[in-house]
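For reference, the structure is listed below as structure tokens.
Residue numbers count from 1 along this sequence.
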Amino acid sequence: MGGFFGAVGKDSVISDVFFGTDYHSHLGTRRGGVAVYDEQRGIQRKIHNITNSPFRTKFENIYSEMEGTAAIGCISDYDPQPLLIRSSLGLYALCMIGIITNADELIDKYFKDNGGQFCAMNGGGVNSTELLSALINQKADFVSGIKFAQSVIEGTASILLLTSDGRIIAARDKLGRLPILIGKREDAFCASFESFAYKKLGFEDEKELGPGEIVEITANDVKTLSKPGEKMRICSFLWSYYGYPTSSYEGVNVEVMRCRNGAIMAENDNESGDNSNIDYVGGVPDSGTAHAIGYANQSGVPFARAFIKYTPTWSRSFMPTNQKDRNRIAKMKLIPVEDLIKDKSLLFVDDSIVRGTQMKETVDFLYEHGAKEVHIRSACPPIMFGCKYLNFSRATSDMELIARRVIMELEGEEGFEHIDEYIDTKTERGKKLRDEICKKLKFASLEFQTLEGIIDAIGIDRECLCTYCWDGKE
């Protein structure tokens, strides 16, 4: 995924951007970068590999190394950024979050129409931010260039651009799949993916950009350069999984949504009697916890943490490349509370079940420590389609998704004509899907949140939500 934070102030904003960017560390694990404007030094830029250590440890010397009244910072799960670009539009720094799924097509067209070149990364790929800049530079000004880029990009691109005179141009992606929020303080304005990041720095909510909206940010105000579009498809997974609990998108807090979502799941189970013999409800940390609290409160089954994830040394998702070591560390992260596991019937709520690999390891771990039964609830419907807008599932093929694999085993490709039935637990196909996954992953029982349930938990107009990964609807 990735996240970013930018600020423009009357005085130095280095501290704001350092902490504001660091507060996005849960969204990416590979690269961190900062670009800063200073009237005397111009634009300065630093990028570090953060695969093995947090953003703050790599940028802790930034106060003595960089200075400026405008800056942007980025946490990236993929390409190094921000990039410094020198073009006919002048010198600027650029970062983006999202994914360009038609990158090869756009690169080929660029070569055909413009000639030129790109710096190739390992394997010959092109940095998505560099491709974005090449699209922007084809127009006579930043606004026209950004609108052009977003019109031809398939996928998602939300943008922060730092100009050579110390302004920030922020542009939310054309369908608003990802958020950009603007904060205001007496001496500065900022733009952020996560709202809590700027509130901790003394900023207050100013506005949330609409789909495709472009604004110019200075120390004195925020000016709309291009009005928002009417159509929005914000990613539902922001609330279910990606978003930090203290953040809000479109006025809906993540933690509140997750608790409400768990309560709806419990109501469904209460009606069917599927939770009558459970000793404890728990959440798969970290994003499953609030869903589980909502489930426990609604069902009346006690909430308990039967295992704890050890975070002091493995707080992030980094894993070795060796699969044997990956499996070992995955198990070493989980520390059991034996008294809450042995001879107990446990129900765990996770944010989702994608491939099923990690969930199987967790369930095996619980049985190894004496659990009598392990029941699983997924806080979202079965994932049937790999995301082509944000790439959250990281699946290279839809057949990596466990729900897809099971359908193929049950019916072959013909089964994909009945995905609506497989999603629905009340149909014969829906029951078979759940039974087969239980057999494969050794669950005592399995249920998924319904599509209607998760939409109700979010609480905004269904037409404004992207639910592609569940129902395949654009």
Side-chain angles (χ1 to χ4, degrees), residues 241 262 265-266 268-269 272-289 291-292 295-296 299 301 303-309 319 323-324 326-384 393 395 399-411 415 422-423 425 428-449:
Y241 169 58
M265 296 177 68
N268 295 336
D269 277 0
S272 62
D274 287 344
N275 57 14
S276 56
N277 297 315
I278 303 300
D279 293 306
Y280 296 116
V281 172
V284 178
D286 291 317
S287 49
T289 301
H291 297 290
Y295 188 105
S299 67
V301 180
F303 174 85
R305 296 195 295 170
F307 67 87
I308 311 297
K309 186 165 70 174
M319 286 287 192
Q323 186 61 45
K324 182 178 179 180
R326 285 173 62 91
N327 292 341
R328 184 176 187 183
I329 286 179
K331 290 183 178 181
M332 291 180 71
K333 280 185 177 183
L334 307 183
I335 312 298
V337 182
E338 303 278 0
D339 291 349
L340 299 177
I341 300 176
K342 189 172 178 58
D343 298 325
K344 298 294 190 298
S345 292
L346 306 172
L347 185 147
F348 275 88
V349 186
D350 202 1
D351 56 73
S352 60
I353 301 174
V354 184
R355 296 177 180 84
T357 306
Q358 291 183 352
M359 182 57 75
K360 183 179 186 304
E361 291 173 352
T362 300
V363 171
D364 288 345
F365 161 84
L366 290 166
Y367 280 126
E368 287 169 6
H369 289 276
K372 182 169 67 176
E373 293 179 331
V374 182
H375 303 260
I376 298 298
R377 299 294 181 264
S378 168
C380 70
I383 296 173
M384 297 292 185
S393 68
M399 292 311 298
E400 291 184 26
L401 305 171
I402 189 168
R404 278 258 172 181
R405 293 203 310 272
V406 168
I407 292 172
M408 176 64 82
E409 292 170 6
L410 289 172
E411 285 195 83
Y422 278 109
I423 290 175
T425 189
E428 286 303 314
R429 285 188 169 95
K431 292 173 183 176
K432 285 182 180 180
L433 175 71
R434 287 150 180 80
D435 288 344
E436 286 301 313
I437 294 176
C438 282
K439 291 176 185 177
K440 287 179 177 293
L441 304 184
K442 300 180 181 178
F443 302 164
S445 72
L446 168 66
E447 192 49 80
F448 296 88
Q449 172 62 293

Can you tell me which residue among S287, P381, C380 is in a side chain to side chain contact (heavy atoms under 4.5 Å, CB included) with S352?
C380

Has the side chain of [X] got a donor or acceptor atom that lies under 3.5 Å from a matching backbone atom of [Y]?
X: D279; Y: S345; value: yes
X: Y367; Y: V374; value: yes
X: R404; Y: E400; value: no

Measure the spacing between CZ of R355 and CG of L401 and express it to the nearest 0.5 Å.
7.5 Å

Is any side-chain heavy atom of V284 less than 4.5 Å from a side-chain heavy atom of V349?
no

Quick one: does L346's side chain get under 4.5 Å of L366's, heavy atoms only?
yes

Heavy-atom pair of closest approach, residues M359 and F443:
CG-CZ, 3.3 Å

State plainly whether the residues E411 and K432 are in salt-bridge range, i.e. N to O under 4.0 Å.
no

What do you reckon, is CG of D364 surrounded by more than 12 foreign heavy atoms closer than 6.0 Å?
yes

What residues form a salt bridge (Lys or Arg N to Asp or Glu O under 4.0 Å) with K344, not counting sequence neighbours?
none

Can you sort out the partners of D435 under salt bridge (Lys or Arg N to Asp or Glu O under 4.0 Å), two or more places apart, ordered by chain and number?
none

